[in-house]
Novice: 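A single structure is presented below for examination.
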Amino acid sequence: MTNHWIDLKNSDSIFIIGCNPAENHPISFKWIEEAMDRGGKLIVVDPRYTRSASKADIYAQVRPGTDIAFLGGMINYALQHDLIHKEYVREYTNATFIVGEKYDFKDGMFCSFDDQEKVYDLKTWAYETGPDGKPLRDLTMQNPRCVYQQLKNHYKRYDIEMVCSITGTKMEDYLKVVKNFCATGRPDKAGTILYAMGITQSTHGTQNVRAVAMLQMLLGNIGIAGGGVNALRGESNVQGSSDYGLLFHLLPGYLKSPEFDNADLKAYVEKWTPKSSDSKSANWLGNTPKYITSMLKAWYGDNATAANDFCYDYLPKRMGSYAYDKIMTKMGKGELEGLVCMGMNPAVGGPDSGSARTALGKLKWLVTVDLWETETSIFWKRPGVNPKDIQTEVFMLPAASSVEKEGSISNSGRWAQWRYKAVEPVGQSMSDLWIIDQFFKRVRNLYTKEKGAFPDPITKLSWNYGNGHEPDVHLVAKEINGSFTKDMTIVDKDKTLEFKAGDPVPMFKYLQADGSTSCGCWIYSGSYTKDGNQMARRDESDPTGLGLFPKWSWCWPVNRRIIYNRASVNPAGEPFNPKRAVIAWDGLEKKWKGDIPDGPWPPMKDDKEGKYPFIMLPEGHARLYALDMKDGPFPEHYEPVESPARNLMSGVQNSPGVKIPKNVSSDLAKFPFIGTTYRMTEHWQTGGMTRSLPWLTELVPDMFVEISESLAKKKGIKKGDKVRVTTERGSIEAMALVTSRLRPFNVEGKQIEQIGMPWHFGYAGLATGDSANLLTPSVGCANTSIPEFKAFLCNLEKGGNKA
Amino acid sequence: MTAAARIIINEIKGYHNFLKFMIGLVVMGALATMARFIFGLGVTTNLNDVYPWGLWISFDVVTAVPLAAGAFTLGAIVHCFHIKKLEPLVRPAIVTGFLGYSLVCVGLLLDLGQPQRAWHTMVYWNIHSPMFEVSMCIMAYTTVLFLEFLSPVCEKFGYHVPLRVLRWLEMPLVIGAAAISTLHQSSLGTFFLIAVDKLHALWYNPLLPLLFWMSAIFTGISIIILEATMVHRYLGQPDESELLEVLTKILPWTLGAYLIVKLAATALLSHGPLYDRPSLLTLFLAELIIGIIIPMFMFMKKAYREDDRMQLRGASLVIAGVVLNRFNVSMFGMEQADQAIYYPSIIESLVTIGIIAAHVLFFVLLAKYFPIFEHHPETVDYSLPDHAHSMTAAHEHSHASGSESVH
Amino acid sequence: MSSTPVNYDKTKSFLIDTTKCTGCRGCQVACKQWNQLKAENTTFFSGEGYQNPPLMSEYTFTRVKFKDYQKDGQNEFAFYKEMCMHCNEPACASVCPVGAFVKTPEGPVVYDAGRCIGCRFCMIACPFGIPKYEWSKAFPLVRKCTGCFSRIKEGMQPACVTACPTAISYGSRADMIKEAEKRLKNRPDRYQQTIYGKDEAGGTSIFYLTEQPLDELGFKPVTQRSLPSYTWQALRLVPGIFLTVGGGLSLLSWFTHRKERIRQEEAFKNSKVQPETTVEETREDQP
Ligand SMILES: Nc1nc2c(c(=O)[nH]1)N[C@H]1C(S)=C(S)[C@@H](COP(=O)(O)OP(=O)(O)OC[C@H]3O[C@@H](n4cnc5c(=O)[nH]c(N)nc54)[C@H](O)[C@@H]3O)O[C@H]1N2
Ligand SMILES: Nc1nc2c(c(=O)[nH]1)N[C@H]1C(S)=C(S)[C@@H](COP(=O)(O)OP(=O)(O)OC[C@H]3O[C@@H](n4cnc5c(=O)[nH]c(N)nc54)[C@H](O)[C@@H]3O)O[C@H]1N2
Ligand code: SF4
Ligand code: SF4
Ligand code: SF4
Ligand code: SF4
Ligand code: SF4
Ligand SMILES: [Mo]
């Protein structure tokens, strides 16, 4: 989230698209309700009429997988009706930038697609640059090749009739949404967009997110209170996990993980440090060398020296994708020896989980670290298999739950909050930290004793977390914050600061590229300083009255509560909306008041020192036109891989960057219905946690599918009847919930029914049922590989097993 | 086997098959009762949170109490209104009443979740509770009936002293009985005054307690008619139909008065729609027509009043009517339009049947072994035996003699 | 019944704003957790929408009701938490023969299991169908929401209140009514202009605000008068009736017997037999 849950209360229009916060983020509604009490309006766009929709002022139905059309239509409407925040767009986005001449878009394809490799040549989308290397701009935005005109041009095809015939939305509902939300383009209005899996779990998920962001840029809604692009994070600490490098292409702090040809640190830095020749661009990631070096110092300690490239060689180098689907394919081929599943349940949670279950049987060994026996840990005795046929050796390590251990959790709003152990772990369960610590120590001992091909990356690791039974989490947190490795004197503007070796780094500004600092995750630098554990702060003061609570816990980066907040003021540093000022430049004191701004520099208007607000991009301007997406600079509508509809926008049916697996089918004769999966309040994810608790199984005891009244009538199905749902991948049994909340979609004049299903069920735990993921296709987003869980084709028949 | 037991068994062997059948039913009822205590109410009954009260309350309590009203009605008629010639009917009425109330207590104890705590009502008073009031009354009244019932027992065994005390207590007991009965017969109606939004307007009105009391009176009378006719027919007791004719004269008046109050209350004092539930309306009309209007007209005719068969039929109609009325109030009228329908379980039914059978059985047995029907007070010897004189002389200042024989 | 007079304005009350309820059922689970109530074994959803368990019961003191229907082509998906209303003048307390229910000055209507005889009159009496019975037991007791009396006595809020993200406000009755009225005024188009519970059953400690008409959501229409007053209007006559009937009948018998005696005396006079004191005389000495 660019903003925070609490900040939702500052909004005039809350636009929920592709998430269901009433059910999946219930606490959010506390703040949404507060906004509504102050006159804010709530918009919900979802294929189903959800519990969130029931609270909405405006609800619009959308066919799964058509959000780009929906949002593209809104972009078009805002542009055509001149509802955009002009000054914001001109000054803070790349609308004024001139696009190179090679750029072109024709019938659903951007220029320079390599049909063989199925990739675009991204270089052809570059800005046109001047002789100084700076991109050319036209501040009048009249140049036909400026981003603004290209944008207008691209989206003029997304007129309301076209959009509604793609999305199946009722035109009057669509207009209500558009009019209400686009009205937040005024400087004194704030609109926020909340999204999650309905937007991201798509073969064009990343472009969906971009469309959300673009709409917000056009309306001047990023950086302001009550605005933002707010991805509602899922797992309780998934924000923290991503921050610390959960994904294969990232190191902690969103530094890129080295690729095979980043042969040494220099090459790495060369490749991943963005450059800008514009002095007004802060280009913050220009600091990458400091962050990577400090990280290596944290990992390898004294072993990391300038002479040995700070042990850069020890980092694994990647080649290609190591995404979930790739790993599973490999596993299925027997190419993986073992798997450690720590707090994850792929036998239920992954796409096409039938294949995943089979793949697990190809492993030599499997370690599960979990609170419970999960479908994954008992995959070898799942219904329908003979345990004798499965040779995998399975180890179950009982893990302590979140309330049984101390540590930090980062929430959606980027607040790292310290938590304490409430109770002792039950039975023999141990904290994950202990388990990892033991894992490491035992592996290191083996390497030390038995050597091996390349022991150094393990044996040389710096691993100093105390001598207690349990590693000291505070030492871990301090390592993350970073410290000086030697005595230092730093001159910062007019101040001279003295640091001793071992002192904590006050913030990432002080990190160095020469090995004199170490820092485990640069964006968390400042979370554990000489003033103590900032994450444990519990001060309820709220000086701005906006609900920023600057002294409650700690928020990355540098305790900034709303990121990109320099875009909430005009170039002179005056808030666009003085009533909800996030920051404001005090010309007399020469400093910013309010939230912590994105960098200390004076306002952008200041010719000498002023900086553009979007400091994480080399050009300093938010990108309406993207340069590095694999599937195009502008989001373009494509159909999901399995779709009942022809792409009305162009002749290109699916996103060109997506590799389509064999076991998908758009044969409407076999699979006439749209299937979609989602969560519900009462269960958590794969159900490992909730289907083991009687009080929660009581709430939703059985696997069910939701169907419309019209489909129920056609098939003679009553509420509670057993039905069978089938896709090209598999088939499940469930009980039918007939409801008017699900309605068929109008697709090219035909009524196409949707089958909605939660994906929380499996064969372990107290309440068991078939897993929806036996049905879902293993096909992912062109950019991120997130699976397309939300739109596939299926059939449904009355009757259970027999059908 | 002891000799006594053998005697009892032999005695039973000599019973009429009907009695044996009754004994069988009572045994079944007793077994069902055991099942209730072993397996709990939930399993053995069809009661649930929607129907917390079922057959046991509707019949064993709410209906049985007016059915046992003969004792107080007749007591008052005979002693207070001094219609002496009806006196021979009093004792059977008291026996029925005593049995009835004892079995009401049994029914209640079965129905209570915590029967072992029944005494709590006497300790933790809640004067706002009609049930508190009713239970106090029922306990008091059962005691009164017990005392009244002791007379034939004492007669049988020739306990003269208690007999005299009882004789002396007769008037206060009769008056007390009438007052207590008035209270709890009507308070059973008060029970349902709390169910403002549950009991259908056809029955709910603030005069419900009055109506319950009024109907108890004519039910009591009708029960006596029924009973006397039956014992005459089946137990070979003397034909009292002439006496009963006196009672039948009272009936049209009480039925008529009831009808007027009932219709007026329903028309003027009820609080909701009356005709929205056809099935309930049918029940309402059935109750009135069968139980009130037809017998009222029947008993207005002298010929019918004198005809013992018609006496029986009319009284039966009244009784059927009141049974229906009590079920209407406590069960059918409480049913909400959208609820599943309650019907008693086998165990519930067996218990109730057992209780009814016990009533019949005990009545017959009592009639068999105790002077209940032969009782014509003028023939009873209330004199003290000689040896008792010395004991009681100090206390007894009244003249002990058979002077009552005014014949 | 409680003898201490209760200042209703000060009693702790719940304002349940169904327009803000997301149907998350956190309250339902929190209640089970605090009261350590067993989970019920049910299959599938027993009510509309995702409603489960079917009804409140000995194991379920509060339950979120779902209403899932269409009106004028628009979906209505409404939720509300059902629980004991903690009436100002509780019907359950008034009918209980042993006074097992008491309205506390703090607000909750609490139950003394040690007194209860299990007659279920409270269940008949409660206009909201709240008290539930331990049907599974041979010697059952009644169970219902305690208003978390044990918590509020310690200065905490009820478990369900603390679990609720949006819909429940908790405070003094006067404050909650004020807050409810404020909301009705602030957003008149969102709310039905009634506060259910303010006057129902003579006033309760639970207030509901709704967007849909109450009857559509299945709220029971309940009299605005306090329920105990309905029975009390009859019960208060008890001593009077007792004295009237007893006295009346005594008088009557005295009168009839006197007539009888006079008649007898005449008869005796005529027959010249001197009567002894009759037993009837003894009887007439009675009141
Ligand atoms: N109770 C509970 N809370 C949870 C979780 C849980 O399992 N249980 N999981 C957590 C996790 S890990 C995550 S990631 C989040 C996810 O939170 P959400 O994203 O809110 O979760 P979903 O229910 O998967 O999807 C949201 C909605 O997207 C809709 N949808 C489906 N397809 C489309 C589409 O094409 N377009 C649009 N606009 N909408 C679509 C679905 O109907 C659904 O209502 O929730 C977190 N919170
Ligand atoms: N069809 C379909 N499939 C989906 C989705 C969808 O929308 N539709 N959503 C996807 C999304 S967004 C996500 S995030 C994934 C989630 O997929 P998973 O991460 O596989 O699912 P979880 O059930 O959250 O698994 C977490 C496990 O961690 C255990 N656990 C909890 N706390 C701890 C702890 O402290 N330590 C350890 N070691 N273990 C712990 C839990 O018991 C549980 O078994 O599923 C994806 N799958
Ligand atoms: S489960 Fe936890 S994280 Fe999710 S909404 Fe509730 S309180 Fe927040
Ligand atoms: S709602 Fe029912 S149980 Fe609760 S206090 Fe009122 S009458 Fe008693
Ligand atoms: S069941 Fe218990 S609490 Fe309810 S009225 Fe009877 S004695 Fe009172
Ligand atoms: S007040 Fe307490 S007992 Fe009552 S519903 Fe809430 S949590 Fe349950
Ligand atoms: S916890 Fe609150 S929001 Fe959730 S269901 Fe209960 S009352 Fe509604
Ligand atoms: Mo997630």
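Protein chains get the first letters and strands the later ones, always in sequence-line order, with residue 1 at the start of each. Values reported hereafter were calculated over all heavy atoms of this structure, with side chains retained and with hydrogens, waters and symmetry mates removed. This structure is a prediction, so every number in the text was calculated from the model and none was measured.
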Novice: For atom CZ of B/Phe81, is the number of surrounding heavy atoms from other residues, nucleotides or ligands below 6.0 Å larger than 12?
Specialist: no

Novice: Could you give me the CA-CA distance, side-chain angles and deciding distance for C/Phe242 and B/Ile180, then say whether side-chain contact (heavy atoms from CB on, under 4.5 Å) is met?
Specialist: CA-CA 7 Å; C/Phe242 187 80; B/Ile180 294 173; 3.9 Å; yes

Novice: Within the 4.5 Å heavy-atom criterion, are C/Tyr133 and B/Asp49 side-chain neighbours or not?
Specialist: yes

Novice: Where do C/Thr223 and B/Asp197 come nearest, in terms of heavy atoms and distance?
Specialist: N-OD2, 3.1 Å

Novice: Less than 4.5 Å to any heavy atom of chain C: does that hold for the side chain of B/Thr182, its backbone, both, or neither?
Specialist: side chain

Novice: Contact part of C/Lys132 toward chain B, heavy-atom cut-off under 4.5 Å: side chain, backbone, both or neither?
Specialist: both

Novice: So, taking the atom named CE in B/Met131 and the one named CD1 in C/Ile117, what distance separates them when rounded to the nearest 0.5 Å?
Specialist: 6.5 Å

Novice: To the nearest 0.5 angstrom, please state how far the OG atom of B/Ser186 sits from the CG atom of C/Leu237.
Specialist: 9.0 Å

Novice: Return the orientation label for the B/Phe191 and C/Phe121 ring planes: parallel under 30°, perpendicular over 60°, tilted otherwise.
Specialist: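 Judged by the thresholds at 30° and 60°, the geometry between B/Phe191 and C/Phe121 is tilted.
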
Novice: To check you understand the geometry: which heavy-atom pair defines the closest contact between C/Ser94 and B/Ile194, and what is its length?
Specialist: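 Looking at all heavy atoms of both residues, the shortest contact is OG-CD1, 3.7 Å.
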
Novice: In terms of heavy-atom proximity below 4.5 Å to chain C, should B/Thr190 be classed as side chain, backbone, both, or neither?
Specialist: both

Novice: Show the nearest heavy-atom pair for residues C/Thr256 and B/Cys80, with the distance to one decimal.
Specialist: OG1-O, 2.9 Å

Novice: Specify the closest pair of heavy atoms between B/Ser187 and C/Leu235, including all atoms of both residues, with the distance to one decimal.
Specialist: OG-CD2, 4.3 Å

Novice: Between atom CD1 of C/Ile124 and atom NZ of B/Lys198, what is the distance when rounded to the nearest 0.5 Å?
Specialist: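 Those atoms lie 6.0 Å apart.
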
Novice: With a 4.5 angstrom heavy-atom cut-off, is it the side chain or the backbone of B/Met334 that approaches chain C, or both, or neither?
Specialist: side chain

Novice: What part of C/Ser57 gets closer than 4.5 Å to chain B, counting heavy atoms only: side chain, backbone, both or neither?
Specialist: both

Novice: For B/Leu208, is it the side chain, the backbone, both, or neither that has a heavy atom closer than 4.5 Å to a heavy atom of chain C?
Specialist: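 No part of B/Leu208 comes within 4.5 Å of chain C.
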
Novice: If I measure from the heavy atoms of chain C, does B/Ile38 come under 4.5 Å with its side chain, its backbone, both, or neither?
Specialist: backbone

Novice: Tell me, side chain or backbone of B/Leu207 under 4.5 Å from chain C's heavy atoms, or both, or neither?
Specialist: neither

Novice: Measuring from atom SG of C/Cys116 to atom CZ of B/Arg117, what distance do you get when rounded to the nearest 0.5 angstrom?
Specialist: 7.0 Å

Novice: Show me the side-chain donor-acceptor pairs of residues 106-115 of chain B shorter than 3.5 Å, one per line, residues at least two apart or across chains.
Specialist:
| residue | atom | partner | partner atom | Å |
| --- | --- | --- | --- | --- |
| B/Asp111 | OD1 | C/Arg120 | NH2 | 2.9 |
| B/Asp111 | OD2 | C/Arg120 | NH2 | 2.7 |
| B/Gln114 | OE1 | B/Gln116 | NE2 | 2.7 |
| B/Gln114 | NE2 | C/Phe139 | O | 2.7 |
| B/Gln114 | NE2 | C/Pro140 | O | 3.2 |

Novice: B/Pro209 versus chain C, heavy atoms under 4.5 Å apart: side chain, backbone, both or neither?
Specialist: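 B/Pro209 touches chain C through side-chain heavy atoms alone.
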
Novice: What's the spacing between B/Asn48 CG and C/Trp135 CH2 if we round to 0.5 Å?
Specialist: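 One finds 6.5 Å between CG of B/Asn48 and CH2 of C/Trp135.
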
